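In what follows, a single structure is set out as structure tokens and then discussed.
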Amino acid sequence: MAGNTITKSSDVSCTPSRAARELGLKRGEFDLAVHLGRIRTVPDEGGGGRRVARAEIDRLRSADGFPESLLESVRTVGTTDGAALMEITSARFTRFARLGLVVPVNFYLNRYRAVVWLYLAEELRQFATDKNHTSLLNGRTPEGLRDQLQAGLDLRPRNWRGRHLGFLLRQADGLWERAGALAALLDHVQIAEIVQDPYERAYLNRFRPDPPAHGAPGSTAAHLAERIMTAADPDEISWLRADLTQVLDEARFHRPAPRPTSEPAGPPPSLNEHPPEPAREPERSRGVLGWLRRRSA
């Protein structure tokens, strides 16, 4: 009977790997399409990450030009191919990228641990065909821009962070998740200054996404990826701190960070120091410390 039919989650949605195969995408292409908002995902009700609704797969498959149009929308190129696509020299292309005129969408580390920035071919074509850019493409770089380049300006890491933050915020399903997305671009010292309550800071860290995986944890490649992920410019740090402070205020109002029910009166203990064990009720003290260790893990 229809009333007794149980609809499985796999009938209405599928895992990212399955969705990528059905859409004819490599996993990296699929992830990029999700980052760009080309493929919409939904939370897994079972808590297993995000999934893709069957209706979304049907929508993409029924689009004109599928699958070529979808593949082309996520095609990326490096400096050499990007310059060829725009019919300019690699040196001029690099100047455009450092000035922020073209924005990287991804990066990887080559075998020499050098950062290789990737750009959307679709965006480069649009830039090259825009008549407003004719003088930039064919003439001399304006003096003011040359001065910035000589001063060492390189907006590639910052512009990538901006795009990545946009992705993290689109995936955030609540205020604490939004706070975690903003905190992902700040180092731990900055976060400790903004969120001084250790219980609240431990709760925030639960929603703080990790940097994109590059190399084994603790490796040189992983440290480099973390450095690219972390805001470095003073004005960038300033607005991230301001946004995080505002979102945290809203998050606290709607859902305060959990605290142990046996928390003693007075200020909470530091996560970096073990409070002295009281002479009485040792079991309750161990319970508080266990909760702190679990939250800070």
Side-chain angles (χ1 to χ4, degrees), residues 26 28-29 31-38 71-170 184-186 211-215 220-240:
K26 297 177 182 178
E29 294 170 335
D31 291 340
L32 179 56
V34 172
H35 286 201
L36 295 171
R38 309 281 168 80
L71 284 166
E72 186 59 26
S73 73
V74 294
R75 185 166 74 91
T76 58
V77 293
T79 297
T80 301
D81 290 339
L85 190 153
M86 298 176 69
E87 299 182 353
I88 58 177
T89 65
S90 295
R92 186 179 291 258
F93 183 93
T94 299
R95 290 196 295 271
F96 284 177
R98 289 178 57 191
L99 289 166
L101 299 176
V102 293
V103 178
V105 72
N106 208 345
F107 71 91
Y108 69 90
L109 307 179
N110 63 17
R111 59 180 178 175
Y112 304 108
R113 295 295 183 265
V115 179
V116 178
W117 296 103
L118 298 174
Y119 307 82
L120 279 177
E122 183 179 72
E123 291 183 353
L124 300 184
R125 277 194 301 271
Q126 292 172 357
F127 185 96
T129 56
D130 189 334
K131 294 182 179 179
N132 294 323
H133 299 150
T134 301
S135 61
L136 285 171
L137 291 165
N138 302 316
R140 288 175 55 84
T141 303
E143 184 177 353
L145 297 181
R146 290 202 307 271
D147 292 342
Q148 294 180 54
L149 291 170
Q150 291 173 359
L153 178 69
D154 188 351
L155 294 177
R156 288 174 294 184
R158 176 171 179 166
N159 284 340
W160 175 83
R161 285 192 293 271
R163 296 193 86 148
H164 190 66
L165 177 60
F167 159 68
L168 295 177
L169 291 174
R170 282 195 299 271
L185 271 63
L186 292 169
H214 287 277
T220 301
H223 286 308
L224 180 56
E226 185 175 0
R227 188 160 71 247
I228 292 174
M229 180 81 170
T230 305
D233 300 325
D235 60 329
E236 181 186 10
I237 293 172
S238 179
W239 72 256
L240 281 170

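Predicted model, so just to flag it, every value in this text is computed and none were measured.
With sequence neighbours excluded, no residue satisfies ring pair (Phe, Tyr, Trp, His ring centres under 6.0 Å) with H223. Evaluation of the side-chain contact (heavy atoms from CB on, under 4.5 Å) rule for T220 yields no partner, not counting sequence neighbours. The side-chain contact (heavy atoms from CB on, under 4.5 Å) test applied to A91 returns T89, R95, not counting sequence neighbours. In this view, D154 and R156 satisfy the side chain to side chain donor-acceptor pair (under 3.5 Å) rule, not counting sequence neighbours. In terms of the side chain to side chain donor-acceptor pair (under 3.5 Å) criterion, residue partners of D235 (sequence neighbours excluded) are, by chain and number, R158. For Q126, there are no side chain to side chain donor-acceptor pair (under 3.5 Å) partners at least two apart in sequence or on another chain. In this view, D31 and R27 satisfy the salt bridge (Lys or Arg N to Asp or Glu O under 4.0 Å) rule, not counting sequence neighbours. Residues passing the side-chain contact (heavy atoms from CB on, under 4.5 Å) test with L101 are F96, L99, F127, L136, sequence neighbours excluded. Every residue two or more places apart in sequence or in another chain was checked for a side chain to side chain donor-acceptor pair (under 3.5 Å) with E226, and none qualifies.
Within the structure, salt bridge (Lys or Arg N to Asp or Glu O under 4.0 Å) pairs that include any residue of residues 123-135 comprise E72-R125, E123-R163 (at least two apart or interchain). Each side chain to side chain donor-acceptor pair (under 3.5 Å) pair with one or both residues in residues 98-118, not counting sequence neighbours, would appear here, but there are none. Each ring pair (Phe, Tyr, Trp, His ring centres under 6.0 Å) pair with one or both residues in residues 136-161, not counting sequence neighbours, appears once here: F107-W160, W160-H164.
Residues F167 and V34 have side chains in contact (heavy-atom distance under 4.5 Å, counting atoms from C-beta outward). The shortest distance between side-chain heavy atoms of E236 and R161 falls below 4.5 Å. L32 has its side chain out of reach of L118: every pair of non-hydrogen atoms, C-beta onward, lies at least 4.5 Å apart. Taking the side chain as every heavy atom from C-beta outward, L109 and V115 approach each other to under 4.5 Å.
Closest of all the heavy-atom pairs between S73 and L36 is O-CD1, 4.3 Å. Taking every heavy atom of both residues into account, T79 and S90 meet most closely at CG2-O, 3.9 Å. Scanning both residues, P212 and A225, for their nearest heavy atoms gives O-CB, 4.0 Å. Taking both residues in full, the closest heavy atoms of L137 and A128 are given as CD1-O, 3.5 Å, listed atom of the first, atom of the second, then distance.
Here the straight-line distance linking atom CG of L124 with atom CD1 of I88 works out to 8.5 Å at 0.5 Å rounding. With rounding to the nearest 0.5 angstrom, the CE atom of M86 is 9.5 Å from the OG1 atom of T129. We find the CG-CZ distance between L145 and R140 to be 12.0 Å, quoted to the nearest 0.5 Å.
Side-chain atoms of S238 do not come within 3.5 Å of backbone N or O of P234 as any donor-acceptor pair.
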Q) Where do L186 and T230 land on the side-chain contact (heavy atoms from CB on, under 4.5 Å) test, with the steps shown first? A) CA-CA 5 Å; L186 292 169; T230 305; 6.0 Å; no

